[in-house]
Structures are given as structure tokens and as C-alpha cells.
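A quick write-up on the structure given underneath.
Computed from heavy atoms alone, side chains included, the values below leave out hydrogens, waters and symmetry copies. Naming: A, B, ... by sequence-line order, numbering from 1 per chain. Quick caveat: nothing in here was measured; it's all calculated off a predicted structure.
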Amino acid sequence: MQYWLMKSEPGEFSIDDLKRVRVEPWDGIRNYQARNFIRDQMSRGDRAFFYHSSCKTPAIVGTMKIAGAAYPDPTAFDPKNAHYDPKSDPDNPTWMLVDVRFVRKFKHPLTLEQLKCERRLAGMRLLKRGNRLSVFPVDKAHWEHIHKMLEK
DNA sequence: GCCAACGTTGGC
DNA sequence: GCCAACGTTGGC
């Protein structure tokens, strides 16, 4: 089992939205590195942090489970969709997605500011300068340390 | 709104 | 294949 972090702008789709709908296709990924993680390395049952980005208080706000294997992202073929990609061939789709299932919403979000203060998270990709990837793996040690922070 | 970082595009 | 220009991300 692997651990992940997935970003979403809460104005677009938040942890509360996921809590309400329970399962959601994580669509709109248009970055090859993120696509490769999704397509090649994610498996059903993997765990992921839900991260709120581009908002007042960027934070890890909860966890979710990868609900199944990757499949083609239908929004890439919809001209009306903001993430429409006319170059993606329906017979050989460029963009893939996974369904995610709600697991929990943290009582108190772990803010980016808090996370930066943790020496044990120093190597985490989220905290690296210039990080823009919206989907990436999280080390088991980091996953566990972040859960320890919740107990405080 | 600013701007650094990074990915993508396209001319050569 | 190089690299400048451009677009996007995302914290601040």
C-alpha cells in the first residue's frame, strides 16, 4: 500500500464536498508526472491526504482512499469542460483519473505553516521549494508523523 | 495582485 | 536538441 497527497482548491472541490458525496472521480489532472503516478503507481486501497491549496489557509484537511484503478478522464473529451484537451485521442487517452473515497475530515486541519515547523517532515515534497505537483507520493514515515501531530 | 518556480510550446 | 517565450501553480 502506498501513501499520497492530492491537492484541490477548496473553492472547486473541498473535503466537505467529498464528505457529502463519499466517492468522487479526481478529474482534471493535466500534468504528465501526476498522470504517471495516477496511472502507474496508484492502487485500490492506497491512502491519500486531501490538501487544500490556493486558499486562505493551505492545509491537509483529511484523508481518503483510492477506490480503484485508473481509467480515462472523460473531462478531457468534453469541449465545454475547463480541462478539455483536444489533443487527447479517445482511442488512446492521454489523461487518466482515479476515484477517491472519503475516509475522514480532521477536526483541526494541519496547516502548511504547522507542517513547515516539523523537523521530521523536512524532506516532504509538499514543503520543497517550487513544488507545484498536485499529486505525489508521501513517505510512510511522514504519513505516520502527520497522524501523530493530530493527537496533540 | 505579485512573483518565483516550473512545465510546455515552438522557432531555429 | 536548444532555449526563449509563455502559461500555470500556489504561497504570500
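A/K116 comes within 4.0 angstrom of sugar-phosphate atoms only, judged by non-hydrogen atoms across all strands, and of no base. Within 4.0 Å (heavy atoms only), A/K87 reaches sugar-phosphate atoms of the nucleic acid but no base atom.
You'll find that the side chain of A/Y51 is closest to C/dG11, out of B/dG7, C/dG10, C/dG11. The A/Q33 side chain lies nearest to B/dG7 when the options are C/dG11, B/dG7, C/dG10.
Following rounding to the nearest Å, A/E9 (CD) and C/dT8 (P) show an atom-to-atom distance of 13 Å. Straight-line distance from the NZ atom of A/K128 to the C1' atom of C/dG10: 18 Å, rounded to whole Å. For the pair A/E113 CD and C/dG10 P, the interatomic distance rounds to 19 Å; values are reported in whole Å. Atom-to-atom, CG of A/L127 to C1' of C/dC12 comes out at 16 Å; the value is rounded to the nearest Å. Per the geometry, NE2 belonging to A/H83 stands 12 Å off P belonging to C/dT8, to the nearest Å. Put simply, CG on A/L133 is 10 Å from C1' on B/dG7, counting in whole angstrom units. Atom NZ in A/K7 sits roughly 12 Å away from atom P in B/dC6 (whole-Å rounding). For the pair A/K56 NZ and C/dC12 P, the interatomic distance rounds to 14 Å; values are reported in whole Å.
Contact of the A/F136 side chain with the A/L5 side chain is registered, since non-hydrogen atoms from C-beta on lie closer than 4.5 Å. Using a 4.5 Å heavy-atom threshold, the side chains of A/K7 and A/N131 count as touching. Two residues are said to be in side-chain contact when any heavy atoms from C-beta on lie closer than 4.5 Å; A/K105 and A/I15 meet this criterion.
Between A/Y3 atom OH and A/I146 atom CD1 the span is 12.0 Å, to the nearest 0.5 Å.
Side-chain nitrogen and oxygen atoms of A/Y32 include none within less than 4.0 Å of the OP1 or OP2 phosphate oxygen of B/dC6.
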